[in-house]
Number of protein chains: 2
Amino acid sequence: MDNPAVSTAAAPSTADRILDAAEDLFAAKGYSATSLGDVADRVGIRSPSLYNHFKNKEALYEAVLERLLAVFSAPLAELDGGPVTNERVFYWLEAIVRQHHANPNLARLLQHAALSGGPHTNELIDRLFRPMFRPDARIEGGALTLFENTGLQPWAVMAFNNLVMSYVTMAPMYRDLLGQDPFSETALENQLSLIKMLLHAVFEYKGDASGSA
Amino acid sequence: MDNPAVSTAAAPSTADRILDAAEDLFAAKGYSATSLGDVADRVGIRSPSLYNHFKNKEALYEAVLERLLAVFSAPLAELDGGPVTNERVFYWLEAIVRQHHANPNLARLLQHAALSGGPHTNELIDRLFRPMFRPDARIEGGALTLFENTGLQPWAVMAFNNLVMSYVTMAPMYRDLLGQDPFSETALENQLSLIKMLLHAVFEYKGDASGSA
DNA sequence: CGGACCAATGTGAATAATCGCGCCTCTCAT
DNA sequence: ATGAGAGGCGCGATTATTCACATTGGTCCG
């Protein structure tokens with residue numbers, strides 16, 4: 001009836017359902033702790049059937065990663081297409097936060113990779129973070145001159161990135177600790193205003209960076 | 001000659017060497033991805049010999065956790081012993097940061113637990129974070145009145161915690177991305193001044209928390 | 001229009017590797 | 001000698017992977 005490649009909202013193909021299941025499991029338990037039996041169970045097939053769609057476990061993992069990276073690289077490329085102004089940093093940060101809320105799995109996968117230093121760590125770095133540190137990727141208007149002379153700018157960028165990502169990787173814990181769903185709509189708004197407030201504070205802060213107890 | 005429990009700097013016992021090896025491996029790869037063979041190899045013994053010191057893999061994991069929690073609960077208890085003033089928050093934050101630099105493994109273990117929601121997650125939460133949210137654990141002097149009425153305070157506390165912990169859990173990546181050793185002495189000082197600056201900025205910031213793109 | 005053909009996709013059985021773990025033996029210091 | 005601690009052996013379970021085979025749906029030919 002309808003070509004699956006053009007269908008508007010057809011039932012997802014088996015390959016897609018395998019990707020969905022594998023993404024969730026890899027993100028939660030990591031690569032080696034995820035068994036193909038678990039994946040197959042979620043899809044509702046037997047594990048040998050997976051090999052009709054993916055060469056092996058490794059290829060499945062890479063396919064999961066590829067699908068996620070395609071989505072998450074978009075806002076970064078968007079920021080790349082113009083001057084890095086204050087307002088666009090806010091806009092971009094909000095886009096990133098919303099994206100991680102919509103799909104927490106990339107952050108979780110990345111966290112697993114960073115912890116165990118798997119072979120995919122380098123690809124993740126190159127695709128997600130390297131573009132942030134291009135020589136022309138400087139914030140204009142002197143908003144962050146505070147960092148310029150201290151060499152702290154890349155670390156500050158990563159700190160804000162941590163703020164966004166570890167919200168997601170720690171989310172299961174927050175559910176128990178604070179008794180709220182960290183992925184609810186109101187939690188999203190809370191996190192957004194908190195991060196924006198921090199960014200505002202940094203933009204406006206003119207004090208020196210040396211602290212004392 | 002000397003009682004191992006009182007020895008000043010004696011050679012570590014086999015049990016301690018097992019704990020050291022297991023701690024590193026659990027922290028890097030997580031519980032199920034760590035094999036007892038890996039642990040035994042690091043210690044230089046065969047895996048069945050591990051059972052002379054620990055009942056099973058699970059007990060080994062719990063022993064690792066217990067040893068770490070004993071160390072990391074200390075500064076929290078210290079903060080508990082007096083009024084939560086601005087200065088003491090700075091002092092306490094610095095203590096936490098230094099501790100995570102000295103031993104990154106607790107943060108990594110916690111991150112694994114949060115991601116996969118293992119059975120130990122609750123104990124970690126209770127021992128590490130729950131004390132932060134006691135009813136009397138309010139920052140005095142009105143420094144954070146900004147949060148009081150928004151209900152954001154616990155989330156803000158966790159955000160700063162994320163800042164500290166994800167520095168450690170992401171550290172292997174930062175080594176490749178920024179080309180510096182994240183655990184060097186200068187990197188520690190950089191992170192400290194960055195975090196203190198953020199905290200200062202928050203303390204001084206009086207704007208409203210709602211942002212717009 | 002019916003039947004041969006074929007590619008896609010599922011299954012169960014089998015395999016080799018790994019892992020947690022128990023059992024038994026050996027060794028060595030007190 | 002005696003008991004703590006190390007090694008060797010091997011069982012049973014799990015896993016990734018392969019393979020031979022059944023089923024299905026669609027296509028093409030007569």
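If you're wondering where the values come from, they're calculated on a predicted model, not measured in any experiment. Chain letters run A, B, ... following the sequence lines, proteins first, then strands; residues in each count from 1.
Here the side chains of B/Lys196 and B/Phe90 are in contact, with some heavy-atom distance below 4.5 Å.
Closest approach to the A/Leu36 side chain among C/dT11, D/dG7, D/dT17 is made by D/dT17 (side chain taken as heavy atoms from C-beta onward). Checking C/dC19, C/dG10, D/dG8 against the side-chain heavy atoms of B/Ser35 singles out C/dC19 as nearest. Set against D/dA16, C/dG10, D/dG8, the side chain of A/Thr14 has C/dG10 as its closest nucleotide. Checking C/dG12, C/dC23, D/dA6 against the side-chain heavy atoms of A/Arg46 singles out C/dG12 as nearest. With C/dC21, D/dT18, D/dG7 as the candidates, the nucleotide lying closest to the side chain of B/Lys57 is C/dC21.
Taking 3.5 Å as the limit, the base of C/dG20 and the side chain of B/Asn56 contain no donor-acceptor pair of atoms between them.
Distance, B/Tyr51 OH to C/dC23 P: 12 Å, rounded to whole Å. We find that CG of A/Asp38 is positioned 8 Å from P of D/dA16, with the value rounded to whole Å. At whole-Å resolution of the value, NZ in A/Lys55 and P in D/dC19 are 13 Å apart. Straight-line distance from the CG atom of A/Asn52 to the P atom of D/dA22: 16 Å, rounded to whole Å. For A/Phe54 and C/dA8, the CZ to P distance is 15 Å, given to the nearest whole Å. Distance, B/Leu50 CG to D/dA4 P: 18 Å, rounded to whole Å. A/Leu25 has its CG atom 12 Å from the P atom of D/dT15, to the nearest Å. Atom pair B/Ile18:CD1 and D/dA6:C1' shows a separation of 11 Å (rounding to whole Å applied).
At the heavy-atom level, A/Ser32 lies nowhere under 4.0 Å from the strands shown. Residue contacts for B/Thr34: at a heavy-atom cut-off of 4.0 Å it reaches the sugar-phosphate backbone alone, with no base atom in range.
Looking at A/Arg127 and A/Glu66, a side-chain N of the basic residue comes within less than 4.0 Å of a carboxylate O on the acidic one, giving a salt bridge. Look at B/Lys29 and B/Asp38 and you find a salt bridge, because one of the NZ, NE, NH1 or NH2 atoms lies within 4.0 Å of a carboxylate O, short of that distance. Between B/Arg67 and B/Asp20, at least one side-chain nitrogen of the basic residue sits less than 4.0 Å from a carboxylate oxygen of the acidic one, meeting the salt-bridge criterion.
For A/Ser49 and C/dT11, the shortest distance from a side-chain N or O to OP1 or OP2 is below 4.0 Å. For C/dG20, the OP1/OP2 oxygens have no side-chain nitrogen or oxygen of B/Ser47 closer than 4.0 Å. Dashed line: the shortest gap from a side-chain N or O of B/His53 to OP1 or OP2 of D/dA4 is not under 4.0 Å.
Relative orientation of the A/Phe183 and A/Tyr167 rings is perpendicular, given thresholds of 30° and 60° on the angle between their planes.
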